[in-house]
2 protein chains.
Amino acid sequence: MHVTITENQPITFQAEAKKILQNIQTATSICPVRHVLDRIGDKWSFLCILHLGAADTLRFNELRKQIGDVSQRMLTVTLRSLEADGLVQRHVYAEVPPRVEYQLTPLGHSLLVAFSGLGTWANAHAQEVAQARQAFAAREKGDG
Amino acid sequence: MHVTITENQPITFQAEAKKILQNIQTATSICPVRHVLDRIGDKWSFLCILHLGAADTLRFNELRKQIGDVSQRMLTVTLRSLEADGLVQRHVYAEVPPRVEYQLTPLGHSLLVAFSGLGTWANAHAQEVAQARQAFAAREKGDG
DNA sequence: CAGCATCCCGTTCGATACTG
DNA sequence: CAGTATCGAACGGGATGCTG
């Protein structure tokens, strides 16, 4: 296979992508990476994991307040989903008034670490992306 | 602040999450991490970046064939979006029949690297997640 | 070959009301 | 407090047909 890559980008990136693709192809039928992205790509899972990771333990409404703009429904749905995936642990206390606490499982913590690379990238390149967007919009206007 | 964390999880995870949240809070109004996830959380962006990273340069239909189950419309929309974000470069050749080639920009390559952590995690823990799901489903059935 | 425009459907998600 | 249930709007995304 003929390979040409821009000089400022070492060949490693390509190898990395191929490795991931390999793993995807190897998967029985549904790609695990796709699944993970389906899970954390939704609007709230990522933030839930982040906040739970930062605070260790949070009650339902504490978490809701920290995230800010999540509806009660979506927070419930998201937390149940994370719980089903074994990423979040749910503790229900038989008290009045009711108290439910959430925290990350070890698996959830490990995912948080995997996230951090993405978080770092986002913060490092957010401006570049914003500039690219502006440049693209300007170009569009010029062409159209 | 009182901190209790399970013994098998070093404190670093928490610090990591706090750091990311710090950066999120710092952002003017829209969190860059959220933006990135909005971008790559959609159904196809991630796969586009992966395949382009692995193959270096791909034509429209080549990319479409590699991804497999993407509609023409969604591939177009996705690629335009990635182009707007400065992650993908689009080369149009004034030929008959038309030829359009896509490849990652350096920025796109750097994102690919950030992805790899997630890809690794997904492949490493896919089974654990699947098992957790099954256990959860069984528990649900037992409770309900 | 590459891509845009239109239609249409399923899913997602917010708002609201009710429960233990 | 921490949910569940239901409804309706909004959006994503597939199928189809048409252009350069």
Side-chain angles (χ1 to χ4, degrees), chain A residues 30 34-35 37-48 51-52 55 57-85 88-103 136-137 139-141 143-144, chain B residues 30 34-48 51-52 55 57-85 88-103 136 139-141 143-144:
Chain A
I30 179 95
R34 285 276 290 271
H35 179 83
L37 277 191
D38 280 359
R39 165 80 33 258
I40 62 99
D42 76 15
K43 223 177 167 188
W44 306 114
S45 295
F46 176 75
L47 285 175
C48 282
H51 281 279
L52 286 176
T57 300
L58 285 175
R59 297 179 59 171
F60 185 86
N61 276 339
E62 284 175 347
L63 182 53
R64 189 177 174 196
K65 201 177 297 181
Q66 292 216 5
I67 295 179
D69 54 343
V70 63
S71 68
Q72 186 185 44
R73 172 188 147 85
M74 287 319 295
L75 186 54
T76 302
V77 171
T78 302
L79 285 171
R80 284 292 184 289
S81 180
L82 291 173
E83 190 192 357
D85 281 352
V88 163
Q89 184 72 33
R90 183 164 172 264
H91 301 278
V92 183
Y93 297 86
E95 298 176 1
V96 176
R99 178 161 60 105
V100 180
E101 291 185 345
Y102 295 90
Q103 61 180 346
F136 185 81
R139 226 179 307 140
E140 285 290 272
K141 210 168 61 179
D143 290 353
Chain B
I30 179 95
R34 286 275 291 271
H35 180 82
V36 170
L37 278 191
D38 280 357
R39 165 79 37 256
I40 61 101
D42 74 17
K43 223 177 166 189
W44 306 114
S45 295
F46 175 74
L47 285 175
C48 282
H51 280 279
L52 285 176
T57 300
L58 285 175
R59 298 180 59 173
F60 186 86
N61 276 339
E62 285 175 348
L63 182 54
R64 192 180 170 192
K65 200 176 299 180
Q66 294 217 5
I67 295 180
D69 55 342
V70 63
S71 69
Q72 187 185 45
R73 173 188 144 86
M74 286 319 296
L75 185 54
T76 303
V77 170
T78 302
L79 285 171
R80 282 293 183 287
S81 181
L82 291 174
E83 190 192 356
D85 281 353
V88 162
Q89 185 71 34
R90 183 165 171 264
H91 300 279
V92 183
Y93 295 87
E95 298 175 1
V96 176
R99 179 161 60 104
V100 181
E101 290 184 347
Y102 295 89
Q103 62 179 343
F136 185 82
R139 225 178 309 140
E140 285 290 271
K141 210 167 60 179
D143 290 355

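Per chain, numbering begins at 1; letters A, B, ... match sequence-line order. Just so we're clear, the structure is a prediction, and the values are computed from it rather than from any experiment.
If you measure from atom CG of B/Leu75 to atom C1' of D/dG14, you get 14 Å, rounded to the nearest angstrom. Between the P atom of D/dC1 and the CG atom of A/Leu58 lies a distance of 15 Å, rounded to the nearest Å.
Heavy atoms of B/Tyr93 sit nowhere under 4.0 angstrom from any nucleic acid atom. Counting non-hydrogen atoms under 4.0 angstrom, B/Arg80 reaches the backbone sugars and phosphates but no base. Counting any heavy atom pair closer than 4.0 Å across all strands shown, B/Glu95 reaches no nucleic acid atom. Contact annotation for B/Arg90: backbone-only contact, meaning every heavy-atom pair under 4.0 Å involves sugar-phosphate atoms and none involves a base.
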Could you give me the CA-CA distance, side-chain angles and deciding distance for B/Asp69 and B/Trp44, then say whether side chain to side chain contact (heavy atoms under 4.5 Å, CB included) is met?
CA-CA 10 Å; B/Asp69 55 342; B/Trp44 306 114; 3.5 Å; yes

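In this structure, the separation between CZ on A/Phe60 and CD on A/Gln72 is 5.0 Å, given to the nearest 0.5 Å. Put simply, OG1 on B/Thr78 and NZ on B/Lys43 are 10.5 Å apart, with the number rounded to the nearest 0.5 Å.
Not one side-chain nitrogen or oxygen of B/Arg99 sits closer than 4.0 Å to the OP1 or OP2 atom of C/dG3. A sub-4.0 Å separation between OP1 or OP2 of C/dA2 and a side-chain N or O of B/Arg59 is present.
For the residue pair B/Gln103 / B/Thr57, a side-chain donor-acceptor distance below 3.5 Å is found, with atom types taken as modelled. At a cut-off of 3.5 Å, with distance as the only test, a side-chain donor of B/His51 or B/Gln66 sits close to an acceptor on the other residue.
Pairing each heavy atom of A/Ser45 with each of A/Ile40, the nearest pair is CB-CA, 4.0 Å.
Relative to the six-membered ring of B/Tyr93, B/Arg99 meets both conditions, a distance below 6.0 Å and an angle of at most 45° to the axis.
For A/Arg64 and A/Glu62, the salt-bridge test fails: no basic side-chain N is under 4.0 Å from an acidic carboxylate O.
Each end of the helix from C/dC1-D/dG20 to C/dG20-D/dC1 yields a helix axis from five base pairs, and these two axes differ in direction by 40° (to the nearest 10 degrees).
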Sub-3.5 Å pairs of nitrogen or oxygen atoms, protein against nucleotides 9-15 of chain C:
from, atom 1, to, atom 2, distance (Å)
C/dG14, OP2, A/Ser71, OG, 3.0
C/dG14, N7, A/Arg73, NE, 3.3

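Distances from the side chain of B/Asn61 to the nucleotides C/dC1, C/dG3, D/dA2 place C/dC1 closest.
In this structure the side chain of B/Phe136 reaches within 4.5 angstrom of the side chain of A/Glu83, judged on heavy atoms.
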